[in-house]
Amino acid sequence: MAMIAGNLDRVRARIAAACDAARRDPAGVTLLAVSKTAAADAVACALACGQHCFGENYVQEAVAKILALRERTDGLAPARTAIEWHCIGPIQSNKTRLVAEHFDWVQTIAQLRIAERLSAQRPVGSAPLQVCLQVNIDGGANKAGIAADEAEALAREVAALPHLQLRGLMTIPEPAPDFASQRAVHERARALFERIASGGGRGFERFDTLSMGMTADLEAAIHAGSTMVRVGTGIFGARG
Ligand SMILES: *Cc1c(COP(=O)(O)O)cnc(C)c1O
């Protein structure tokens, strides 16, 4: 578990250095710890190191972990135990209820039908579900996400749903070999993000999140304007 503490320090240092190089305020980049396949113990360890945002891909695995963490942190001071859970995996329509009930964010909205179900199934009394559209920014075949030229229309429809809060865009580009090519793809996402944000209007008041960059390319993503990097192996080690 000491490994996780050291890894978190290294990832935070990478983010700080990238912000410095890009002349950006590090407060403008959120670190999402991607804990898919990691044990609840590992999440608890990262939490103890001050990491509060976690991303999960598989709904069933995530819900078990969310409940386990809630049990462990019951009775401790809220400031030390508050976790924000982000769903970053594909969502089948038979899983929307679990997602609406247990997550704080969903970053993988690519179909209106799924967004409508999440809105309808968000429990009464819960804060609106915070959502990002997943955009297939490099047109990768067989990849989840809406095409870039269809993103704005979907954003308008999602922004109108009552129990969702539209927060921005998320991308997972194909791995690219070097900084320049990584950055070029991330710049395209940034341009799309700014174009949609500048349209503004009702439901776009908090359109402020550009989720891009992972362990291998977080520096390029931060240079291109990422506001949230999603790091798995860099924190929890290689997935088995
Ligand atoms: C697994 C995953 C990550 C983290 O990837 P690493 O390369 O382990 O940092 C980020 N985003 C999504 C959507 C993922 O599925």
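Note that ligands are numbered from 1 as they come in the structure, with each ligand's atoms numbered from 1 the same way. Given the structure is predicted, the values throughout are model-derived calculations rather than measurements.
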Flag for Arg117-Ser93: side-chain donor and acceptor within less than 3.5 Å: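 No, Arg117 and Ser93 have no side-chain donor paired with an acceptor closer than 3.5 Å.
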Starting from [atom], what is the nearest protein heavy atom, named by residue and atom, and what distance separates them?
atom                    : result
atom 2 (C) of ligand 1  : Lys36 NZ, 2.6 Å
atom 10 (C) of ligand 1 : Met214 SD, 3.1 Å
atom 12 (C) of ligand 1 : Ile88 CD1, 3.6 Å
atom 11 (N) of ligand 1 : Arg230 NE, 2.9 Å
atom 6 (P) of ligand 1  : Thr215 OG1, 3.5 Å

Distance (rounded to the nearest 0.5 Å) between Leu47 CG and Ile4 CD1: 11.5 Å
With nothing but distance in play, are any N or O atoms of Gly232 less than 3.5 Å from an N or O of ligand 1?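 Among all N and O atoms of Gly232, at least one is under 3.5 Å from an N or O of ligand 1.
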Criterion side chain to side chain contact (heavy atoms under 4.5 Å, CB included) on Gln121 and Glu101, from CA distance to verdict: CA-CA 7 Å; Gln121 293 169 343; Glu101 288 176 352; over 6 Å; no
Quick check on contacts: which atoms of ligand 1 are under 4.0 angstrom from a heavy atom of [X]?
X      : answer
Thr233 : 6 (P), 7 (O), 8 (O), 9 (O)
Ile172 : 13 (C)
Val231 : 9 (O)

Chi angles and distances behind the side chain to side chain contact (heavy atoms under 4.5 Å, CB included) call for His102, Leu67: CA-CA 9 Å; His102 292 283; Leu67 297 178; 4.0 Å; yes
What part of Asn57, side chain, backbone, both or neither, has a heavy atom within less than 4.0 angstrom of ligand 1?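 Near ligand 1, Asn57 shows its side chain, while the N, CA, C and O stay back.
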Proximity flag Arg239 to ligand 1, non-hydrogen atoms under 4.0 Å: yes
Could you tell me if the side chain of Arg72 sits less than 4.5 Å from the side chain of Asp41, heavy atoms only?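 Asp41 reaches Arg72 side chain to side chain.
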If you take the centroid of each ring, where Trp contributes its six-membered ring, are Phe103 and Trp85 closer together than 6.0 Å? no
Compare every heavy atom of Glu84 with every heavy atom of Asp104, then report the nearest pair and how far apart it is.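 In this case the closest contact between Asp104 and Glu84 is OD2-CA, 3.3 Å.
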Could you check Met170 against Trp105 for side chain to side chain contact (heavy atoms under 4.5 Å, CB included), going step by step and ending with a plain yes or no? CA-CA 12 Å; Met170 182 272 247; Trp105 283 63; over 6 Å; no
